[in-house]
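Before any comments, here is the structure.
Note that these values count all heavy atoms, side chains included, but never hydrogens, waters or copies made by symmetry.
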Amino acid sequence: AIECLNNEINNGGFTQYYFNSSGDQWVDALGGLEVIGAIKHRELMLQTLQRFPESAPSSKRSIRGEQLAKIVRKQEDPFNEQDSAWYKLKDENLDKLVLRYNLANLQGRQK
C-alpha cells in the first residue's frame with residue numbers, strides 16, 4: 001500500500017492517488033506509514049484526508065471519485081501544498097524505511 005501511494009503521488013500527486021484504484025487502500029497506506037516511522041509523510045497524508053467528509057475518503061472508488069470531484073470544484077489543485085512537500089522530503093526515505101521495517105520483522109515470515 002505504501003509503494004502504491006508513493007508511486008501514484010510521484011506520478012500525479014494526491015489527487016491522482018485518490019482518483020485511482022490505489023486509493024482504495026488509503027487506510028492501509030496511512031497505517032503503514034505510521035508502522036514504518038514515516039512521520040512526515042503520514043502528516044502530509046493526514047492533511048489531505050481532512051478535505052474529505054469526516055476526514056475519510058470512501059474505500060470505494062466510485063464514491064471517492066464523487067467526493068474528490070466536490071473537493072476539486074472548490075479548489076482546482078487542492079493538494080498542491082502536500083504534493084510539493086512530499087516531493088521535497090529527502091530525509092525520510094520510504095524505501096529505506098520499508099526495508100528497515102522488513103528486516104526488523106523477518107521472524108515468522110516464509111523464506
Side-chain angles (χ1 to χ4, degrees):
I2 294 170
E3 183 178 348
C4 287
L5 170 73
N6 195 39
N7 288 343
E8 291 280 8
I9 293 169
N10 285 326
N11 188 43
F14 277 101
T15 301
Q16 178 174 305
Y17 173 72
Y18 291 123
F19 179 78
N20 287 339
S21 61
S22 298
D24 294 354
Q25 306 302 319
W26 74 266
V27 173
D28 293 334
L30 183 65
L33 291 173
E34 181 174 12
V35 167
I36 66 168
I39 306 306
K40 295 174 184 176
H41 285 89
R42 183 176 182 275
E43 178 56 37
L44 291 172
M45 188 174 184
L46 286 171
Q47 291 172 19
T48 68
L49 294 174
Q50 292 174 1
R51 298 198 180 251
F52 288 89
E54 300 179 27
S55 297
S58 176
S59 60
K60 294 186 179 186
R61 186 177 181 198
S62 60
I63 296 171
R64 193 175 57 256
E66 293 171 10
Q67 293 172 328
L68 190 58
K70 289 178 183 177
I71 294 167
V72 171
R73 273 189 224 116
K74 291 179 183 176
Q75 183 180 354
E76 186 175 330
D77 194 359
F79 309 120
N80 183 51
E81 185 179 324
Q82 290 80 20
D83 292 342
S84 295
W86 188 280
Y87 305 143
K88 292 176 185 174
L89 275 178
K90 302 296 181 206
D91 61 335
E92 197 176 77
N93 184 298
L94 291 179
D95 291 332
K96 287 182 181 179
L97 290 172
V98 168
L99 178 61
R100 186 178 303 143
Y101 175 84
N102 286 334
L103 289 173
N105 293 280
L106 282 174
Q107 186 175 356
R109 293 186 183 199
Q110 291 182 345
K111 293 183 180 184

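Atom CD in E8 sits 11.5 Å away from atom OG1 in T15 (nearest 0.5 Å). The CZ atom of R64 lies 11.0 Å from the CD1 atom of I71; values are rounded to the nearest 0.5 Å.
Atom CD of Q75 has more than 12 heavy atoms from other residues, nucleotides or ligands within 6.0 Å.
One hydrophobic cluster, built from ILVMFWY side chains closer than 4.5 Å, holds both L89 and V98. Under the 4.5 Å side-chain heavy-atom criterion for grouping Ile, Leu, Val, Met, Phe, Trp and Tyr, I39 is not connected to Y87 through any hydrophobic cluster. Cluster membership for V27 and M45, using ILVMFWY side-chain heavy atoms within less than 4.5 angstrom, is shared. Clustering ILVMFWY residues whenever any of their side-chain heavy atoms sit less than 4.5 angstrom apart, transitively, puts L49 in the very cluster that holds V35.
Side-chain contact between Y17 and D83 is absent, with no heavy atoms from C-beta onward closer than 4.5 Å. A 4.5 Å side-chain heavy-atom check between R100 and I36 finds every atom pair outside the cut-off.
For the pair N6 (side chain) and I2 (backbone), a donor-acceptor distance under 3.5 Å is absent. Judged by distance alone, with hydrogens and angles left aside, the side-chain atoms of R42 form no donor-acceptor pair with the main-chain N or O of G37 at under 3.5 Å. Judged by distance alone, the side chain of Q67 and the main-chain N or O of S58 form a donor-acceptor pair under 3.5 Å. Using modelled atom types, one side-chain atom of R51 and one backbone atom of P78 make a donor-acceptor pair closer than 3.5 Å.
Across all their heavy atoms, S22 and C4 have their closest contact at OG-CB, 4.0 Å. Across every non-hydrogen atom of H41 and E92, the tightest pair is ND1-OE1, 2.6 Å. Contact between W26 and S55 at its shortest, heavy atoms only, is CH2-O, 4.3 Å.
Q82 and T48 are not linked by any side-chain donor-acceptor pair at a separation below 3.5 angstrom, with hydrogens and angles left out of the test. No side-chain N or O of N11 forms a donor-acceptor pair with one of N7 less than 3.5 Å apart.
A cation-pi arrangement is not found for R61 relative to Y18, the charged atom failing to lie both closer than 6.0 Å to the ring centre and inside a 45° cone about the ring normal.
Note: F52 and F79 have parallel aromatic rings, judged against thresholds of 30 and 60 degrees for the angle between ring planes.
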